[in-house]
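Taking it in order: structure first as structure tokens, then the write-up.
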Protein chains: 2
Amino acid sequence: MTPAPGSPGDVLTLISAGSATTRSDLARLTGLARSTISQRVDALIERRLVEETESGESTGGRPPRQLRLHTEEHAFAGVDLGATHCRIVLMDMTGVVLAQCEDPLLIGEGPEKVLAHVDGRLDRLLAVAGRPRAALRVIGMGVPGPVEFATGRPNNPPIMPGWNDYPIPDSFPGVAVLVDNDVNVMALGEHRNAFPTARHLLFVKVGTGIGCGIVAEGRLHRGAQGSAGDIGHIRVNGHEESGCRCGNSACLEAVAGGAAVARRLTELGVPAETGADVVALVQAGDTQALRLVREAGRLIGEVLAGLVNFFNPEAIVIGGALSRVHEHLLAGVRETIYRRSLPLATHHLSIVPSRMGVDAAALGAGILAIEHYLSPDNINKIVNA
Amino acid sequence: MTPAPGSPGDVLTLISAGSATTRSDLARLTGLARSTISQRVDALIERRLVEETESGESTGGRPPRQLRLHTEEHAFAGVDLGATHCRIVLMDMTGVVLAQCEDPLLIGEGPEKVLAHVDGRLDRLLAVAGRPRAALRVIGMGVPGPVEFATGRPNNPPIMPGWNDYPIPDSFPGVAVLVDNDVNVMALGEHRNAFPTARHLLFVKVGTGIGCGIVAEGRLHRGAQGSAGDIGHIRVNGHEESGCRCGNSACLEAVAGGAAVARRLTELGVPAETGADVVALVQAGDTQALRLVREAGRLIGEVLAGLVNFFNPEAIVIGGALSRVHEHLLAGVRETIYRRSLPLATHHLSIVPSRMGVDAAALGAGILAIEHYLSPDNINKIVNA
DNA sequence: ATACTTACGCCGATCAGCGAACAAAGTCTG
DNA sequence: CAGACTTTGTTCGCTGATCGGCGTAAGTAT
């Protein structure tokens, strides 16, 4: 059932969102009596979820005691597992990064090895941050493939051999583990950081492949099988000659993904293998690379133009490796979207590069973890326990 | 704020959904004490929202008194305004149709005339159903264009001259009026009738134009500007020669809409003007028409294949005028979707024709009205008043 | 008939939340 | 600088909603 309004969870939500910093604020916002609020806040303080800081500015009367999240005794991890890397951030309850790390790590080594590595790194990060292992409340994890979110099991992931149906949360006993597609957590992070008030947002990751995270009504849309946002295999005009690893041809990913752009560059006599190579060439001023990136942007924009008509988002954020040369990519994207989408849908549409850089997925995964822990339902459970 | 669990509104929701038919059921489902449930039910009965019927079957003890919605004193209207017609259904609180009507009506006559017509028809339908005007609680209305749902004002509708920004609800003082795009209300109706348990559903209307209603998490997704679902102007492969009224070319609507198919038939020497003509030709066994409808299905399927990857729905329902020959249309749609979408997304996907026929929009609009009235928030307001 | 089961109303006990009164801690003013 | 004023926060008795036990109603099984 939905939590009652004014429950401890609601009160904490207001504090964590920054909507209220004092008991008086809370009383005003919730409509509850000041005495009731005091009770609620006391309970939250007793559970070490909230703390009082030195008094704030007086507005003519007694200065209010400021409230804020009690960050010391809680920690949250955001884990970004890529095909060849592992990034982890350790956060406090407010989303501040306490420690982070990054290693090369082949996801193809299989879940046992990879998750053991993660577990070791978590211990190290906790030590660096000076928190006991017990302080780690929730782990959020982004993986490069579809996941059944409710159970944390990868669902026939194409580039994660050995991971199919593997129950990832079981490898971290005693901690809640939320596993999601990497693009989804990036979308979440970008929404919370850059467009917290937008109701509907798309995050497009342009790396080796192309994927999309969907935020609808402020929450992640994962679809019926958790495969929503898989736009890399949408067909684009022309390009029937480009075969895709999925078996079809003319897939967006096969013509505009980092690997595809690299291959085309190679064909033109400019050797490149990966999206990173392409980025390097563009940054070095290679005009062929620049042209192809912009052309990739146009192709991506063509697909996005359709999705803008369909989904009518407020913002589109472009991230991923290729977005490091986002000026050129975005130019192509914008050009096509504004040409092919309906004016009503594009009028108030922001199309912007990602703000979060390479740590986007890890940060988003951490936010996923924190939001789970601070959700009113969970807080009420903790307080009533 | 969210209503408290076990509130009168929650109780009524359980009764109206058929989850509970007795006080004992309610106590079990809500977890509230039997005495509390009795109070709640009494309040609902007093407000004429619920009634008791003759006792039900005993299961070994005293037979429970059955509860059901008190239908006599409430009525709801679903209005379907099309380009050239007006259909209205009058419903009771459970969605049973009490009376209905259908007239030719040109929406281009402007809001005053059209809405006055609707108002007159409502009086007549209420008379037929033997209910006073005061029994009419909410009017749901579907119109052929984008609407700002919160205010009930059409938003630059292309085929509703004179309606832009017109405050439709003001024309029905004393009654709540909910105005939405016609495709949205059709999607809602189809979801509630045919796929009530599906979380995500797409409804595609193939008429003169092509539009799509989106149900996400069981609720309508309207997008940031209320223009979500406008898939008629998504680009399809080839067909650059087909200009569209929107100014672009190769729009789905311009190659696979009813008007487009009719035009192509005419070019082939088979005279046809509208989608209805096309339907008649197919039903008469014209092979050219049949081929073109199937081809239109393939083109629509191509766009839907991309949307299936993106949105990952559980069901796609095809409706609209052309769906009267749905065998042929659906064949083309299915063919393309299964070829171009990802297996994970299509594995549990149902692609089916609309069940609701020509009254789909009116019925959906009525359901929109009823659900608004029976929403926990609204019921709590009524009971506490 | 009698025991048993289930349904439901009544009523005292309980508890969450309210608001008035009070205490605390500052600013403003003569 | 003292006292009035303002705002914050706590204490505590009050109220009203909810609970759960008991009695009664209304059936079935033996």
Side-chain angles (χ1 to χ4, degrees), chain A residues 1-12 14-15 19-47 50-68 376 379-385, chain B residues 1-12 14-15 19-47 50-68 376 379-385:
Chain A
M1 301 281 171
T2 26
S7 64
D10 272 11
V11 169
L12 189 68
L14 290 169
I15 296 174
S19 318
T21 62
T22 71
R23 290 171 173 80
S24 298
D25 286 351
L26 289 167
R28 266 190 296 276
L29 286 168
T30 62
L32 299 180
R34 288 207 311 280
S35 50
T36 307
I37 291 294
S38 267
Q39 278 182 205
R40 294 283 149 79
V41 170
D42 287 349
L44 291 170
I45 290 176
E46 198 184 341
R47 300 281 172 181
V50 165
E51 62 184 357
E52 283 182 339
T53 68
E54 71 296 341
S55 290
E57 291 289 288
S58 162
T59 59
R62 170 175 172 172
R65 275 180 269 172
Q66 302 286 115
L67 301 172
R68 67 173 179 204
I379 292 299
N380 288 338
K381 219 180 291 173
I382 294 173
V383 171
N384 295 329
Chain B
M1 302 282 169
T2 25
S7 65
D10 274 10
V11 169
L12 189 68
L14 290 169
I15 296 174
S19 318
T21 62
T22 70
R23 291 171 173 79
S24 298
D25 285 351
L26 289 167
R28 267 190 297 276
L29 285 168
T30 61
L32 298 180
R34 287 201 314 281
S35 48
T36 308
I37 291 294
S38 268
Q39 276 185 208
R40 292 284 150 79
V41 170
D42 287 349
L44 291 170
I45 290 177
E46 199 185 341
R47 300 283 173 178
V50 165
E51 61 183 357
E52 283 182 340
T53 68
E54 71 296 341
S55 290
E57 291 290 289
S58 162
T59 58
R62 169 174 172 175
R65 274 179 270 170
Q66 302 287 113
L67 301 173
R68 67 173 181 204
I379 292 297
N380 288 339
K381 220 179 291 174
I382 293 173
V383 170
N384 296 328

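Computed from a predicted model, the values in this text were never measured in an experiment.
Of the inter-residue distances, the one linking Glu52(B) atom CD with Ile45(B) atom CD1 reads 4.5 Å to the nearest 0.5 angstrom. The CG atom of Leu14(A) sits 11.5 Å away from the OG1 atom of Thr21(A) when rounded to the nearest 0.5 Å. Distance check, rounded to the nearest 0.5 Å: CD of Gln66(B) to OG1 of Thr22(B) gives 7.0 Å. One finds the CZ atom of Arg23(B) at 12.0 Å from the CZ atom of Arg34(B) (value rounded to the nearest 0.5 Å).
Among all heavy-atom pairs drawn from Ala43(A) and Val383(A), the shortest one is CB-CG1, 4.1 Å.
Partner Pro8(B) forms a side-chain contact (heavy atoms from CB on, under 4.5 Å) with one of Lys381(B), Gln39(B), Arg40(B) and no other, that one being Arg40(B). Checking each of Asn384(A), Asn380(A), Thr30(A) against Ser7(A) for a side-chain hydrogen bond (donor to acceptor under 3.5 Å, both in side chains) leaves exactly one that passes, namely Asn380(A).
Rounded to whole angstrom, the span from the CZ atom of Arg65(A) across to the P atom of dA23(C) amounts to 16 Å. Counting to the nearest Å, the C1' atom of dA16(C) and the CG atom of Asn380(A) are 14 Å from each other. Rounded to an integer number of Å, the gap from CG of Asn384(A) to P of dC15(C) is 15 Å. Between the CZ atom of Arg28(B) and the P atom of dA7(C) there is a distance of 6 Å, given to the nearest Å.
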Report summary line: Each nucleotide of nucleotides 25-30 of chain C classed B (base within 4.0 Å of a protein heavy atom), S (only sugar-phosphate) or -, in 5' to 3' order, makes BBS---

Requested in this report: Quick one, give me the B/S/- string for nucleotides 12-23 of chain D, reading 5' to 3', where B means a protein heavy atom under 4.0 Å from the base and S means that only happens at the primed atoms, P, OP1 or OP2.
Outcome: ------BBB-B-

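With contacts defined as side-chain heavy-atom distances shorter than 4.5 Å, the pair Leu26(B)/Leu67(B) qualifies.
For dT7(D), neither phosphate oxygen OP1 nor OP2 lies less than 4.0 angstrom from any side-chain nitrogen or oxygen of Ser24(A).
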